[in-house]
Amino acid sequence: MPKPSKKVKTTQRPSWDEYFLELAQLVSKRTTCLRRAVGAVLVKNKRILATGYNGAPSGLKHCSQTGCMREKMNIPSGQRHELCRGLHAEQNVLLQAALHGIGTRGSVIYITHQPCVICAKMLINAGIIEVVTCGEYPDENARKFLKEAGIRVRRV
C-alpha cells in the first residue's frame, strides 16, 4: 500500500515592497502622535538599516500626554510643520541611522505616507534613491522636489 503523502501548508510570500511596507506599518504603531501614525523603514540591498516613527524627541513628553498643539490651534494637515512637538518618521529614521553611524546614500525608504516637503528635502540630501509609500499626504511641493531631484516615488 502506498504511503499517504504529507500535506504541506503553502503560504504566499509577500513581495519585498509588501514586506517592507508591512514593517513600516508595524513601526508606525509606536507613534505617540494623536493625528496620524507614520512609520518608516530604511533599506539597502534588501537589508534594514534603520526604522523610525513619528513622535516627540527622546525624553520629552509625548502628545498623548500633553495634547496636540496643532489640533488646539486648528492647523490643517500638511501645513505649519514647525508647530508640532513631534518629529516625522522620516526624520527619525535618518537620525537613527546617523546616531548609529549608518550611511544612507543609495538606500530606499519605505513609508506609510508620502513625505512632507521638509522630509523630502532631508531625503534628497541623505542620498535616498527611492521612496515607496502606501499612503498619501497633502503636499504637492514634496512630490515636485523629489521628482526634480530624480528620486523615484512609488505608491504600492
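Source: prediction; values computed, not measured.
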Any pair counted as side chain to side chain donor-acceptor pair (under 3.5 Å), so long as it reaches residues 32-44, sequence neighbours left out: Thr32-His62, Arg35-Glu71, Arg36-Ser77
4.5 Å side-chain heavy-atom contact, Val131 and Arg152: no
Nearest-0.5 Å distance, CG of residue Leu26 to CG of residue Leu21: 12.5 Å
Test side chain to side chain donor-acceptor pair (under 3.5 Å) applied to Asp17 - qualifying residues, sequence neighbours left out: Tyr110, Arg154
Side-chain heavy atoms of Leu23 within contact of Ile48, under 4.5 Å: yes
For residues 80-87, please give each side-chain donor-acceptor pair under 3.5 Å, one per line with the distance, not counting sequence neighbours.
from	atom 1	to	atom 2	distance (Å)
Arg80	NE	Glu82	OE2	2.6
Arg80	NH2	Glu82	OE2	2.8
Arg85	NE	Lys61	O	3.0
Arg85	NH2	Lys61	O	3.1

Donor-acceptor contact below 3.5 Å, side chain Asn54 vs main chain Val38: yes
Ile102 reachable from Val41 in the ILVMFWY side-chain graph, under 4.5 Å edges: no
Other ILVMFWY residues reachable from Tyr137 by side-chain steps of under 4.5 Å: none
Gln65, CD: over 12 other non-hydrogen atoms inside 6.0 angstrom: yes
Rounded distance (nearest 0.5 Å) linking atom NZ of Lys46 with atom OH of Tyr19: 12.5 Å
Side chain proximity check, Leu34 to Ser64, heavy atoms < 4.5 angstrom: yes
Qualifying residues under ring pair (Phe, Tyr, Trp, His ring centres under 6.0 Å), relative to Tyr53, sequence neighbours excluded: none
Donor-acceptor pairs under 3.5 angstrom involving side-chain atoms of residues 111-122: please list them, not counting sequence neighbours.
from	atom 1	to	atom 2	distance (Å)
Thr112	OG1	Gly39	N	3.1
Gln114	OE1	Arg143	NH1	2.1
Gln114	NE2	Asp139	O	3.0

Residue pair Val43 / Leu49, side-chain heavy-atom distance below 4.5 Å: no
Test item: Leu123 and Ile109 side chains (from C-beta on) under 4.5 Å apart, heavy atoms: yes
Residue pair Ile129 / Gly106: nearest heavy atoms and the distance that separates them: CD1-O, 3.5 Å
Backbone of Ser28 reached by a side-chain donor or acceptor of Thr31 within 3.5 Å: no
Donor-acceptor pair, side chain of Glu18 and main chain of Ser15, under 3.5 angstrom: yes
Path from Leu95 to Val108 over hydrophobic side-chain contacts below 4.5 Å: no
Gln25 to Cys134 - nearest heavy-atom pair and separation: NE2-SG, 3.3 Å
Same cluster (ILVMFWY, side-chain, under 4.5 Å), Val27 and Val132: yes
Sub-4.5 Å side-chain heavy-atom contact between Gln91 and His88: yes
Interatomic spacing from CG in Asn141 to CG in Leu146 - rounded to 0.5 Å: 10.5 Å
Euclidean distance, Asn125 CG relative to Thr104 OG1, rounded to 0.5 Å: 9.5 Å
Gap separating the CD1 atom of Ile151 from the CZ atom of Phe145, nearest 0.5 angstrom: 12.0 Å
